[in-house]
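Report on one structure; see the data block that follows.
As the structure lists them, so they are numbered: ligands from 1, and atoms in each ligand from 1. Only a predicted model underlies this, so the values are computations on that prediction, with no experimental measurement involved. Positions are given from 1, in the same order as the sequence printed here.
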Amino acid sequence: MADAGMLRFHVPEPEVRPGGTPDFSDVTIPKAGSVPRPGIDVDPRTIRDLAFSIIRVLNRSGEAVGPWAGLLSDDELLEGLRHMMTLRSFDARMQMAQRQGKTSFYMQHLGEEAVSCAFRKALAPGDMNFPTYRQAGLLIADGYPMVTMMNQIYSNEADPLKGRQLPIMYSSKEHGFFSISGNLATQYIQAVGWAMASAISNDSKIAAAWIGDGSTAESDFHSALVFASTYKAPVVLNVVNNQWAISTFQGIARGGSGTFAARGLGFGIPSLRVDGNDYLAVHAVAKWAAERARNNLGPTLVEYVTYRVGAHSSSDDPSAYRPKAESDAWPLGDPIVRLRNHLIQRGVWSDERHTQAEAEILETVIAAQREAERHGTLHAGGKPSARDMFEGVYAEMPPHLRRQRQQAGV
Ligand SMILES: Cc1ncc(C[n+]2csc(CCOP(=O)(O)OP(=O)(O)O)c2C)c(N)n1
Ligand SMILES: [Mg+2]
């Protein structure tokens, strides 16, 4: 029907607001094992429907099924479970430390642990992530010391970044974790540029770009896709769709494209959606994308469908913009519970061992916290020197900074 006349401005609205009943009936969940696994050299035009489906391995009974299953051994899966449990425990302690005034700020990963923990295991040494603040699992799963992370969070005398970065904005070249930029979506252009440089210099290392659903609305996301597709940059383009960008629901940044993965199709980039709460599926898809990059087949865009169970940050209160029980209604479940059930089903884990592991992990996290607190917290103990402000930027300090440092007497 024609509807000419007075124009109406369209603003997408979430289905439910606080006080309403959570409703995810519009999220279509394909059966585990039902999405095919193409060869890595597939013609992108033939797999466009993968941008509208969800690759899943773990079914409702905890079995691993279908063509994306079978890549990980029992030991690797047990290790993955431990990484996710460690990240969850670390988050809980640091969130509490923020409430106790030991740090000014914290951001949790609750519900999204599988994404960064499983992805890390698909990379090789030397590969480089350009992460946002919600991928600390990349460090945990690569064995980066928790105490060093805590020193950074506390901005204490042992903080490797010397108090210059917001808490949780880690950096470790050795662990393939590029310094986090608070300016979201910059990760995309930087990762694509780094990947192009790796190809130009005939190196073998690949890059991984990270972005949240909301931040895909930034122009950096789109310009990075142009460069990645034109130059077939060896990069994995990760979009973590956790349904929310602080108080803005994902429908705003997604607009009319149907899914975030579909954004890649206009660039001719193979684009897949994966169950972000399924450790096995995340790992299998990440591995597929990394192999494409490593074999000069170019970029892959991966949308992880997940849910941010916790608040956006320690400064946020989600009850102001979404129903309280919305996370319970999320149809893809909890990543730790799902991997635990799978391992029990495989006969290599049990509820008792799980409870015991939880206690052991908590003890390890508390021990790391004690050690970090010996070096100081936000308002107590050792701090980086004011002199550090002047170091590490210029190879040769310009005269005006030298003067300022003298004036400050440091
Ligand atoms: C360029 C830019 N714009 C705005 C902000 C403020 N900001 C910080 S987090 C955030 C929400 C991001 O949401 P999303 O991309 O979905 O990531 P999530 O927090 O859900 O992981 C915003 C708007 C920012 N850091 N950078
Ligand atoms: Mg988000």
Side-chain angles (χ1 to χ4, degrees), residues 12 14-15 24 27 54 87-88 91 94-95 98 104-119 129-140 165-171 177-192 208-225 237-255 257 259-264 273-277 282 301-322 326-327 330 332 335:
E15 300 282 333
F24 287 112
V27 183
I54 302 181
L87 179 55
R88 188 165 292 185
D91 271 350
M94 290 296 101
Q95 174 75 11
Q98 193 278 334
S104 56
F105 185 69
Y106 193 70
M107 296 180 92
Q108 298 188 80
H109 305 74
L110 196 58
E112 298 177 45
E113 291 89 349
V115 176
S116 52
C117 289
F119 185 87
N129 285 285
F130 290 76
T132 78
Y133 42 69
R134 224 176 300 275
Q135 280 91 45
L138 296 172
L139 288 172
I140 300 260
Q165 280 269 59
L166 192 74
I168 63 122
M169 297 216 172
Y170 318 104
S171 168
F177 194 95
F178 202 86
S179 310
I180 297 181
S181 164
N183 303 331
L184 295 169
T186 53
Q187 289 79 11
Y188 256 60
I189 42 177
Q190 291 173 5
V192 172
W210 291 90
I211 202 166
D213 45 51
S215 306
T216 61
E218 280 286 337
S219 48
D220 279 352
F221 172 72
H222 302 268
S223 36
L225 261 50
L237 302 163
N238 296 305
V239 179
V240 184
N241 174 9
N242 63 4
Q243 313 303 319
W244 290 95
I246 316 184
S247 56
T248 303
F249 91 115
Q250 48 79 27
I252 295 280
R254 177 170 51 76
S257 73
T259 68
F260 289 94
R263 292 276 190 225
R273 282 180 106 213
V274 57
D275 179 344
N277 291 11
V282 169
L301 193 147
V302 182
E303 175 185 346
Y304 303 88
V305 183
T306 182
Y307 185 86
R308 193 197 79 213
V309 176
H312 170 72
S313 72
S314 54
S315 315
D316 175 46
D317 171 14
S319 70
Y321 54 82
R322 66 185 192 189
E326 196 178 77
S327 62
W330 176 243
L332 293 173

**Study point:** Distance-only donor-acceptor check, side chains Asn241 and Gln250, under 3.5 Å
**Key:** no
Review point. Taking side chain as C-beta onward, heavy atoms only, is Val240 less than 4.5 Å from Arg134?
Key: no
Review point. What's the shortest heavy-atom distance between Val115 and Gly276, and which atoms?
Key: CG2-O, 3.5 Å
**Study point:** Gln250 N/O/S atom closer than 2.8 Å to the Mg ion (ligand 2)
**Key:** no
Practice item. Mind checking ring-ring contact (aromatic ring centres under 6.0 Å, His included) for Tyr321 and listing every partner two or more places apart, or none if nothing turns up? Key: Trp244
Exercise for review: Hey, could you give me the CZ/CE distance between Phe105 and Met94, rounded to the nearest 0.5 Å?
Suggested key: 14.5 Å
Practice item. Output the list of atoms in ligand 1 that are nearer than 4.0 Å to some heavy atom of Gly212, sorted by atom number. Key: 14 (P), 15 (O), 16 (O), 17 (O)
**Study point:** For atom 26 (N) of ligand 1, closest protein heavy-atom neighbour
**Key:** Leu184 N, 3.2 Å
Review point. Any N or O of Ile246 that comes nearer than 3.5 Å to an N or O of ligand 1?
Key: no
Exercise for review: Heavy-atom distances under 4.0 Å are what count here, so tell me which part of Gln250 touches ligand 1: side chain, backbone, both or neither.
Suggested key: neither
Practice item. Considering only NZ, NE, NH1 and NH2 on the basic side and carboxylate oxygens on the acidic side, decide whether Arg308 and Asp316 come within less than 4.0 Å. Key: yes
Practice item. Would you check whether Arg308 reaches within less than 4.0 Å of ligand 1, judged by its heavy atoms? Key: no
Check your understanding: Are any non-hydrogen protein atoms located under 4.0 Å from atom 4 (C) of ligand 1?
Key -> no
Review point. Is any N or O atom of Ser215, backbone or side chain, closer than 3.5 Å to an N or O atom of ligand 1?
Key: yes
Point to revise | Side-chain touch Leu332/Tyr307, heavy atoms, less than 4.5 angstrom | key: no
**Study point:** N, O or S of Trp244 under 2.8 Å from the Mg ion (ligand 2)
**Key:** yes
Exercise for review: Report, in ascending order of atom number, the atoms of ligand 1 lying under 4.0 Å from any heavy atom of Gly214.
Suggested key: 14 (P), 15 (O), 16 (O)
Point to revise | Residue and atom name of the nearest protein heavy atom (relative to atom 21 (O) of ligand 1), distance in Å to one decimal | key: Arg134 NE, 3.1 Å
Check your understanding: Considering the options Phe178, Phe119, Tyr188, which one meets the ring-ring contact (aromatic ring centres under 6.0 Å, His included) requirement together with Trp210?
Key -> Phe119
Point to revise | Tyr133 and Leu166, any side-chain heavy atoms less than 4.5 Å apart | key: no
Study note, to complete from the structure: among protein heavy atoms, the one nearest atom 12 (C) of ligand 1 is Tyr133 OH, 3.4 Å
Point to revise | Residue and atom name of the nearest protein heavy atom (relative to atom 16 (O) of ligand 1), distance in Å to one decimal | key: Asp213 OD1, 2.5 Å
Check your understanding: Which ligand 1 atoms are under 4.0 Å away from a heavy-atom of Asn242?
Key -> 18 (P), 20 (O), 21 (O)
Check your understanding: Without hydrogens or angle criteria, can the side chains of Asn242 and Thr306 be said to hold a donor-acceptor pair below 3.5 Å?
Key -> no
Practice item. Tell me which protein heavy atom sits closest to atom 24 (C) of ligand 1, plus the residue, atom name and distance to 0.1 Å. Key: Gly182 O, 3.6 Å
